[in-house]
Amino acid sequence: MSSSESILMNNNVEIPQLALGTYDITNEEIVNVIESGLSIGYRHIDCAWLYGNEKGIGKSLSNQFKKGEIKRSDLFLTSKLWCSFHKFERVRQQCLITINDLQCQYLDLFLIHWPFAFLDQDPEKNEECQSNVDDKLDFIVTWKAMELLVDEGLVKSIGLSNFNEEQIERIIQICKYKPVVNQVEIHPYCPQIQLEIFCKKHQILLEAYAPLGAKNRQWKKENDPEILEDKTIKSIADKYNVHPASVLLRYIIDRNLVCVVKSSNHQRLKQNFHSINENQFKLDQEDFNKIHNDIQIIFRYHQLQERRHAKEYPFKHWKDFVP
Ligand SMILES: NC(=O)c1ccc[n+]([C@@H]2O[C@H](COP(=O)([O-])OP(=O)(O)OC[C@H]3O[C@@H](n4cnc5c(N)ncnc54)[C@H](OP(=O)(O)O)[C@@H]3O)[C@@H](O)[C@H]2O)c1
């Protein structure tokens, strides 16, 4: 069994470049998906309390640990703090709930899922997780609580998700531990070139979510552009005789970013894992440039428009929305 390449983060901890996404997979379904992913070679699993399936992931991991084929230290487990738990005293409590559900003793990486906060809620009631925005709760307070988790050894690294430049800048001003990553949507319609330059300057690694355009999204509209159907991507895929998904994943890998991709299908999990292996195929510079610079469509699949009135909604400025 092989694992994917790793990248060194700003705290000298290595992170596997390919992560298995777990959004939109039920607690029942996820047990087999994780088993399948681990058997193929995935070692980095991207979880979140919001996805409502951390117990299922924990069950699957515990089965694997019992079999003795995989140890906790072989894995890189990420989870995310949901918006309802940004209060200082909630952060540790919520981290412990996730660690307990995942049955994993510690987290390799814990992220603030979004920069805006919601009113506090009962963690047992996942269905209430879209509650009202609480603009008074500053993510700086949340970050301070996240740092204590590192000191306590509950998490190895901490980072951000869906933060824009100004918001990251504020964290950098006050932090004891710099965020190691910022997990954001990245694909050729949302390449995040400016954010990448900014994050590189601060040694913050970008993680790309929805690299295939999240085609399973429930809020899909009829005229949305679909990146898997893009004619440039399809013609490059034809040239290399691979699936368009493989081209999109290589695009992220060739930018030296972390790639978080979801599948609940064994064949596609396998295909995705192998498409990041350079021996299978590699984009030449001309094709990379076509994807990176020439595609003119601009689109963000995860917009969370219904939160656009929140003070810390991250895509307010034109430059945040149109990368
Ligand atoms: N931080 C955040 O706010 C945030 C937001 C969104 C997502 N994420 C993370 O990023 C992960 C990935 O994002 P995502 O799930 O939104 O979208 P994605 O990975 O871009 O796309 C997943 C969709 O693509 C399909 N797919 C997978 N491999 C394929 C292939 N080889 N060929 C054709 N279709 C394929 C999947 O279907 P099948 O399952 O049927 O294969 C699924 O419908 C999430 O699972 C989550 O862990 C984080």
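Counting starts at 1 for both ligands and their atoms, following the listed order. Worth knowing before you read on, the calculation uses all heavy atoms, side chains too, and leaves out hydrogens, waters and symmetry mates.
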Close-contact set for ligand 1 against Ala245 heavy atoms, below 4.0 Å: 30 (C), 31 (N), 32 (N)

Nearest-contact summary for atom 43 (O) of ligand 1 - protein heavy atom, Å: Asn216 CB, 3.2 Å

Atom 20 (O) of ligand 1 - nearest protein heavy atom and its distance: Leu212 N, 2.8 Å

Just to be sure I read this right, does ligand 1 sit under 4.0 Å from the backbone of Val184, its side chain, both, or neither, counting only heavy atoms? neither

State which residues pass side-chain contact (heavy atoms from CB on, under 4.5 Å) with Lys80; sequence neighbours excluded, sorted by chain then number. Asp46, Ala48, Tyr51, Leu111, His113, Gln183

Location of contacts on His243 toward ligand 1, heavy atoms closer than 4.0 Å: side chain

Can a non-hydrogen atom of Lys80 be found less than 4.0 Å from any atom of ligand 1? yes

Using a 4.0 Å cutoff against the non-hydrogen atoms of Gln271, which atoms of ligand 1 qualify? 31 (N)

Do any nitrogen or oxygen atoms of Ala214 come within less than 3.5 Å of a nitrogen or oxygen of ligand 1? yes

Give a yes or no on whether Asp294 atom CG has more than 12 heavy-atom contacts from other residues, nucleotides or ligands under 6.0 Å away. yes

Nearest non-hydrogen protein atom, atom 47 (O) of ligand 1: Asp46 OD2, 2.7 Å

Can you report which non-hydrogen protein atom sits closest to atom 44 (C) of ligand 1, along with the distance? Tyr23 CB, 3.5 Å

Hey, is Asn162 touching ligand 1 through its side chain, its backbone, both or neither, going by heavy atoms under 4.0 Å? side chain

Taking 4.0 angstrom as the limit and counting only heavy atoms of Tyr51, give me the atoms of ligand 1 inside it, by number and element. 4 (C), 8 (N), 9 (C), 46 (C), 47 (O), 48 (C)

Identify which of Tyr301, Tyr209, Phe273 has a heavy atom lying nearest to atom 4 (C) of ligand 1. Tyr209

Nearest non-hydrogen protein atom, atom 12 (C) of ligand 1: Val260 O, 3.2 Å

Out of all atoms in ligand 1, which are within 4.0 Å of some heavy atom of Gly213? Include the element for each. 20 (O)

Donor-acceptor pair between Asn27 and Asn53 side chains, under 3.5 angstrom: no

ring-ring contact (aromatic ring centres under 6.0 Å, His included): pairs with one or both residues in residues 150-179, sequence neighbours excluded: Phe139-Phe163

Give a yes or no on this: more than 12 heavy atoms of other residues, nucleotides or ligands lie within 6.0 Å of atom NZ of Lys144. yes

Answer yes if the ring centres of Tyr251 and His187 are under 6.0 angstrom apart, and no otherwise. no

Using heavy atoms and a threshold below 4.0 Å, how should the contact between Pro211 and ligand 1 be classified: side chain, backbone, both, or neither? both

Does a side chain donor of either Glu54 or Ser79 reach within less than 3.5 Å of an acceptor in the other side chain? yes

Residues, nucleotides or ligands: over 12 heavy atoms within 6.0 Å of Lys200 NZ: no

Asp230 and Tyr189: side-chain donor and acceptor closer than 3.5 Å? yes

Under 4.5 Å between any side-chain heavy atoms of Arg90 and Asp120, yes or no? yes

Near His113 (heavy-atom distance under 4.0 Å), the atoms of ligand 1 are 1 (N), 2 (C), 3 (O)

Check His302 against ligand 1 and report side chain, backbone, both or neither, counting heavy atoms closer than 4.0 Å. side chain

Which residue supplies the protein heavy atom nearest to atom 31 (N) of ligand 1, what is that atom called, and how far is it? Asn272 OD1, 2.8 Å

Does ligand 1 come near enough to Val261 that some N or O of the ligand is less than 3.5 Å from an N or O of the residue? no

Check: of Glu207, Lys215, Gln183, min heavy-atom distance to atom 34 (N) of ligand 1 comes from Lys215

Protein contact to atom 27 (C) of ligand 1 [nearest heavy atom, distance to 0.1 Å]: Lys262 O, 3.1 Å

Judging by distance only, is a nitrogen or oxygen of Leu228 under 3.5 angstrom from one on ligand 1? no

Step through the shown structure and confirm whether more than 12 heavy atoms of other residues, nucleotides or ligands are within 6.0 Å of NZ on Lys71. no

Rounded at 0.5 Å granularity, tell me how far CH2 in Trp219 sits from CG in Asp224. 10.5 Å

Considering non-hydrogen atoms of the protein only, which is the closest contact for atom 30 (C) of ligand 1, and what is the distance? Arg268 CD, 3.4 Å

Does Arg72 count as lying over the ring of Phe65, i.e. NZ or CZ under 6.0 Å from the six-ring centre, within 45 degrees of the axis? no

Using the benzene-type ring in the case of Trp, are the ring centres of Tyr313 and His309 under 6.0 Å apart? no

Ligand 1 and Ser264, any nitrogen or oxygen pair closer than 3.5 angstrom? yes

Other residues, nucleotides and ligands only: do more than 12 of their heavy atoms fall within 6.0 Å of NZ on Lys178? yes

